[in-house]
Amino acid sequence: MPSFMKDELKKKDEEKLEEMKREIDEAEAADTADVAEEATGDVREETAEGSREGTEEAENGADDPVKRAEKLEADLAEKDVQMLRLRADFDNFRRRSAKEREELAAVVTQGILTDMLPLLDNFERALSAEGSDLDSFRAGVSMIYKQMQEALAKNGLEVIDTKDKKFDPNFHQAVMRVQDPEKEDDTIEQELQKGYMVKGRVIRPSMVQVVSN
């Protein structure tokens with residue numbers, strides 16, 4: 001599977017995982033906040049009730065703390081269930097994403113290999129040809145090379161342009177520096193090895209000579 005597609009999938013998965021993690025953290029924070037708020041409310045309520053006088057306090061004061069404790073326990077149990085469901089969804093998403101990446105990688109690999117099969121056929125024909133002269137052999141190799149370029153370009157491969165370009169460390173790798181009074185500094189003097197990109201992402205920088213007067 002091409003590296004740029006792996007990076008894109010990884011980025012999307014990481015974004016989704018971060019989103020689900022935020023949901024878990026928010027649920028945990030809300031759980032803690034709710035419990036704290038209810039506990040604070042209970043303290044305030046108990047303080048207010050302690051200042052009241054009358055028959056209602058005498059009759060119900062002893063039962064309220066029990067009911068409040070039961071309510072808190074029920075709320076905590078409900079929050080626990082929500083957290084378990086969210087974590088289960090998170091684990092299911094990770095497993096599903098891994099499976100989808102494997103399936104996509106298989107499809108992409110199959111497509112690339114299918115595009116390369118005609119080249120394999122032509123190499124076999126060229127090797128099995130008898131009595132061919134050098135010019136015919138060169139013509140056959142040239143045709144195969146052109147087919148390979150087309151197949152790779154179809155799958156997103158691009159050549160990094162270096163002609164009359166300034167050196168850019170994002171796209172070029174300087175391995176030699178030469179003097180040339182007729183050119184400005186950092187001008188690419190010569191390309192020693194082609195560089196390539198896949199849909200704008202560099203997979204190999206161009207190896208170049210750079211002018212340095």
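Worth knowing before you read on, the calculation uses all heavy atoms, side chains too, and leaves out hydrogens, waters and symmetry mates.
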**Q** Measuring from atom OG of Ser206 to atom CD of Gln173, what distance do you get when rounded to the nearest 0.5 angstrom?
**A** 9.5 Å
**Q** Let me confirm one number: the CD-CD distance from Gln209 to Gln190, rounded to the nearest 0.5 Å.
**A** 4.5 Å
**Q** Just verifying a value: how many Å separate Lys99 NZ and Glu102 CD, rounded to the nearest 0.5 Å?
**A** 9.5 Å
**Q** Compare all side-chain heavy atoms of Arg204 with those of Gln193 and state whether any distance is below 4.5 angstrom.
**A** yes
**Q** Less than 4.0 Å between a side-chain N and a carboxylate O, is that true for Asp75 and Lys71?
**A** yes
**Q** Which heavy atom of Val208 sits nearest a heavy atom of Phe167, and at what distance?
**A** CG2-CD1, 4.2 Å
**Q** Just by modelled atom types, is the Lys163 backbone N or O under 3.5 Å from a matching donor or acceptor in the Glu191 side chain?
**A** no
**Q** Give, for atom CG of Leu119 and atom CE of Met143, the distance between the pair rounded to the nearest 0.5 Å.
**A**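 Between atom CG of Leu119 and atom CE of Met143 there are 9.0 Å.
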**Q** Please say whether more than 12 non-hydrogen atoms of neighbouring residues, nucleotides or ligands are located less than 6.0 Å from CD in Glu182.
**A** no
**Q** Decide side chain to side chain contact (heavy atoms under 4.5 Å, CB included) for Tyr196 and Val159; before the verdict, give the C-alpha distance in whole Å, the side-chain angles of both, and the deciding distance to 0.1 Å.
**A** CA-CA 5 Å; Tyr196 295 96; Val159 178; 3.7 Å; yes
**Q** Please step through side chain to side chain contact (heavy atoms under 4.5 Å, CB included) for the pair Glu184 and Asp186, ending with a clear verdict.
**A** CA-CA 6 Å; Glu184 297 180 359; Asp186 291 332; over 6 Å; no
**Q** Check the pair Met148, Met116 against side chain to side chain contact (heavy atoms under 4.5 Å, CB included), reporting the backbone distance first and the verdict last.
**A** CA-CA 7 Å; Met148 178 175 288; Met116 301 295 287; 4.3 Å; yes
**Q** Between atom CG of Leu192 and atom NE2 of His172, what is the distance when rounded to the nearest 0.5 Å?
**A**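 One finds 12.0 Å between CG of Leu192 and NE2 of His172.
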**Q** Would you give the length of the straight line joining atom NZ of Lys194 to atom CG of Asp161, rounded to the nearest 0.5 angstrom?
**A** 9.0 Å
**Q** Taking Ser97 for the side chain and Phe93 for the main chain, is one N or O donor matched with an acceptor at less than 3.5 Å?
**A**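 It does hold such a pair.
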**Q** Do Val202 and Ile160 pass the side chain to side chain contact (heavy atoms under 4.5 Å, CB included) test, and can you show the C-alpha distance, the side-chain angles, and the key distance before you say yes or no?
**A** CA-CA 8 Å; Val202 176; Ile160 297 175; 4.2 Å; yes
**Q** For the NZ atom on Lys165, are there more than 12 heavy atoms of other groups (residues, nucleotides or ligands in this structure) within a distance under 6.0 Å?
**A**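 No - once you tally the heavy atoms of other residues, nucleotides and ligands closer than 6.0 Å, there are 12 at most.
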**Q** Return yes if some donor-acceptor pair links the side-chain N/O of Asn155 with the main-chain N/O of Leu157 below 3.5 Å, else return no.
**A** no
**Q** Within a strict 4.5 Å, meaning less than it, do heavy atoms of the Leu86 and Gln82 side chains meet?
**A** no
**Q** Answer yes or no: are there more than 12 heavy-atom neighbours, outside Asp164 itself, under 6.0 Å from its atom CG?
**A**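 No.
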**Q** With the side chain counted from C-beta on, respond yes when Thr187 and Lys166 share a heavy-atom pair under 4.5 Å apart, and no when they do not.
**A**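 Side chain of Thr187 against side chain of Lys166, heavy atoms only: contact under 4.5 Å found.
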